[in-house]
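Please find one structure pasted underneath; my questions will follow.
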Amino acid sequence: MLKFYYLLWIQVCLIPIVSFAQEHTYNSVIFENVRIFDSKTLTLTEPRTVMVENGLIKSISQVAVATDDVLRIDGVGKTLMPGLIDVHVHMAFGALTMREMMSPMLSEGVIMEKVGGNAERMLMRGFTSVRDAGGPIFPLKMGIDAGKLTGPRIWPSGATISQTAGHGDFRTPDEKSRRFFGEPSRAERFNATFIADGRDEVLTATRENLRFGASQIKLMAGGGTSSAYDPVDVTQYTFDEMRAAVEAAEDWGTYVMVHAYTPRAVQRAIKAGVKCVEHGQMLDQKTLRLMKRKGVWLSTQNLVESTPDMDPQRVEKRKPVIEGQAQLWPMAKKMKLKIAWGTDFLFQPELNEQQNSYILRLQQWFSNAEILKMVTADNAELLQLSGLRSPYPGKLGVVEEGALADLILVDGDPLADLSLIANPAEKFVVIMKDGKIYKNLVE
């Protein structure tokens with residue numbers, strides 16, 4: 001597998017990808033006359049001067065900063081806020097259609113070309129950090145971190161870990177079990193998933209992901225709506241199997257996140273020591289209270305309604321999930337759970353352009369300020385569960401002295417009009433990641 005990643009790394013370095021972003025590097029950048037979104041008070045400050053240097057927010061003051069050889073950006077009438085964070089993306093699965101995934105012409109080079117362009121467009125929508133919730137992610141992350149590709153910071157999970165007939169069992173009907181027939185499935189060869197049964201295999205799969213730099217582990221603990229074999233209501237992995245993944249992750253100072261919808265699956269995961277539940281749209285009050293007591297995060301989404309274009313089987317499987325999300329969000333808010341937000345787009349690349357507008361779906365339950373806090377400071381807090389396995393040490397999700405300089409300058413006041421963030425092409429006039437400007441429309 002090391003040979004595979006070395007060869008793919010060489011491909012990443014050589015793939016010619018057209019750059020949409022205009023990256024400019026300055027030793028210092030000063031934002032003048034900007035109002036800052038304060039996630040603690042849920043308000044905008046009075047006009048301030050913010051100085052960025054060496055990738056960090058060096059100072060925030062009420063007076064102008066007199067210094068030479070810097071880029072000065074006039075922020076009159078504009079809001080400076082942290083970069084957006086999406087904690088449930090699939091950089092590979094979200095950039096490819098199911099037909100492309102199943103094509104015999106699929107190769108590592110094709111994947112990187114598609115995924116690389118999608119990563120750049122994601123950054124240009126203002127998403128400076130994401131948590132990848134499973135898939136072949138490490139070559140993309142290496143390319144971005146090395147400056148060969150443009151994209152957000154990525155917290156990688158690596159290949160999803162699934163039991164046989166679980167949500168991550170992507171085998172076609174003609175692919176037989178690796179355990180009985182000795183041949184890894186196509187999805188496993190592409191590092192999209194590990195099909196692991198029993199404590200020993202779960203330990204190995206977890207450690208393999210950690211070996212390549214996973215910042216957290218993604219385990220499939222229940223059925224799903226986009227998979228072929230598993231009904232939504234089923235519980236996946238025994239307690240001992242889940243506990244094995246948790247122990248291996250904890251030994252590396254990080255945590256396990258689980259895909260699960262039902263009370264039974266989530267309660268077993270919590271008992272095993274899981275720290276974050278993905279989805280959960282079918283949860284009841286009893287299970288949410290347990291999550292509250294144990295300090296477990298709810299990382300969920302507000303999914304799009306089913307459409308006539310969807311496979312009828314998928315529409316049927318989605319019904320309880322779509323019905324449940326209208327109850328989940330207000331219950332979780334009332335109980336004051338630790339709530340994080342993500343999109344979870346799969347095999348529909350056209351949805352990526354709606355990433356920002358999906359944030360507006362939260363307005364039926366949260367104020368504009370609460371939403372901005374969720375998609376910046378709260379999501380950043382979840383990222384920090386990775387501890388020393390976090391690939392980017394430093395504070396994110398806030399505009400504070402000493403924090404990492406991932407910033408967006410918004411033309412207007414998003415607290416008054418949240419729709420501004422759904423129009424990043426026009427309203428995000430400056431996008432900065434790690435102190436580097438990738439977009440600047442301010443003259």
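No hydrogens, no waters, no symmetry mates; every other heavy atom, side chains included, goes into these values. Please read all numbers here as calculations on a predicted model, not as lab measurements.
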Quiz item: Should Lys141 and Asp132 count as an ion pair when the cut-off is N to O under 4.0 Å?
Solution: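 Salt bridge: no.
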Quiz item: If you take all heavy atoms of Ile322 and Ser306, which pair is closest and at what distance?
Solution: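 Of all heavy-atom pairs spanning Ile322 and Ser306, the closest is CG1-OG, 4.5 Å.
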Quiz item: Nearest 0.5 Å, what's the OG-CG distance between Ser227 and Asp169?
Solution: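 Between Ser227 OG and Asp169 CG, I get 9.0 Å after rounding to 0.5 Å.
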Quiz item: Taking 4.0 angstrom as the limit, do Lys286 and Asp284 come out as a salt bridge?
Solution: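 Salt bridge absent between Lys286 and Asp284.
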Self-check item: Pairwise side chain to side chain donor-acceptor pair (under 3.5 Å) hits with a residue in residues 212-223, at least two apart
Solution: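 Output for this query lists Ser157-Gln216, Gln216-Ser386.
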Self-check item: Backbone of Ala221 reached by a side-chain donor or acceptor of Gln236 within 3.5 Å
Solution: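 Not at all, since once roles are kept as given, no pair shorter than 3.5 Å links the two residues.
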Quiz item: Do Asp174 and Thr172 have side-chain atoms, one donor and one acceptor, less than 3.5 Å apart?
Solution: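 Yes.
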Self-check item: Residue that, paired with Tyr358, satisfies ring-ring contact (aromatic ring centres under 6.0 Å, His included) out of Phe345, Trp341, Phe127
Solution: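 Going through Phe345, Trp341, Phe127 one by one, the ring-ring contact (aromatic ring centres under 6.0 Å, His included) with Tyr358 is satisfied by Phe345 alone.
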Quiz item: So, Ser357 versus Gln354: side-chain donor-acceptor pair below 3.5 Å or not?
Solution: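 Note: Ser357 and Gln354 side chains miss the donor-acceptor criterion.
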Self-check item: Salt bridge present between Arg199 and Glu247 (N-O < 4.0 angstrom)
Solution: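 Looking at Glu247 together with Arg199, the answer is yes, because their closest N to O distance falls below 4.0 Å.
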Quiz item: Any donor-acceptor pair under 3.5 Å linking the side chain of Tyr237 with the backbone of Met220?
Solution: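 Between the backbone of Met220 and the side chain of Tyr237 there is no qualifying donor-acceptor contact (under 3.5 Å).
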Exercise. Work out which heavy atom in Arg314 is nearest to a heavy atom in Thr225; give both atom names and the distance.
Key: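 That closest heavy-atom pairing would be CG-O, 3.1 Å.
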Practice problem: Classify the side-chain pair Thr43/Thr41 by whether it contains a donor and acceptor separated by less than 3.5 Å. | Solution: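 Side-chain D/A pair, Thr43 to Thr41: present.
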Quiz item: If you count the non-hydrogen atoms of other residues, nucleotides and ligands that lie under 6.0 Å from CZ in Arg264, is the total more than 12?
Solution: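 At most 12 heavy atoms, drawn from other residues, nucleotides or ligands, come within 6.0 Å of this atom.
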Quiz item: So with a 6.0 Å cut-off around CD of Gln62, is the heavy-atom count from everything else above 12?
Solution: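 No.
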Quiz item: Which residues pass the ring pair (Phe, Tyr, Trp, His ring centres under 6.0 Å) test with Trp155, sequence neighbours left out?
Solution: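 By the ring pair (Phe, Tyr, Trp, His ring centres under 6.0 Å) rule, Trp155 matches Tyr392.
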Quiz item: What do you reckon, is NZ of Lys275 surrounded by more than 12 foreign heavy atoms closer than 6.0 Å?
Solution: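 For Lys275, atom NZ is not crowded (no more than 12 foreign heavy atoms under 6.0 Å).
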Quiz item: What is the minimum heavy-atom distance between Pro414 and Ile421, and which atoms define it?
Solution: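 Reported closest heavy-atom pair: CB-CG2, 4.3 Å.
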Exercise. Applying side-chain contact (heavy atoms from CB on, under 4.5 Å), run through Lys333 and Glu370 and close with a yes or a no.
Key: CA-CA 11 Å; Lys333 179 182 179 180; Glu370 289 171 333; 3.2 Å; yes
Practice problem: Kindly check if the number of other-residue, nucleotide or ligand heavy atoms within 6.0 Å of NZ (Lys176) is above 12? | Solution: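 Result for NZ/Lys176: open.
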Practice problem: Verify whether one side chain among Asp197 and Thr164 offers a donor that lies under 3.5 Å from an acceptor in the other. | Solution: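 Yes, a side-chain donor-acceptor pair sits under 3.5 Å.
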Quiz prompt | Test ring pair (Phe, Tyr, Trp, His ring centres under 6.0 Å) applied to His259 - qualifying residues, sequence neighbours left out | solution =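 His259: ring pair (Phe, Tyr, Trp, His ring centres under 6.0 Å) contacts with His167, Tyr261, His279.
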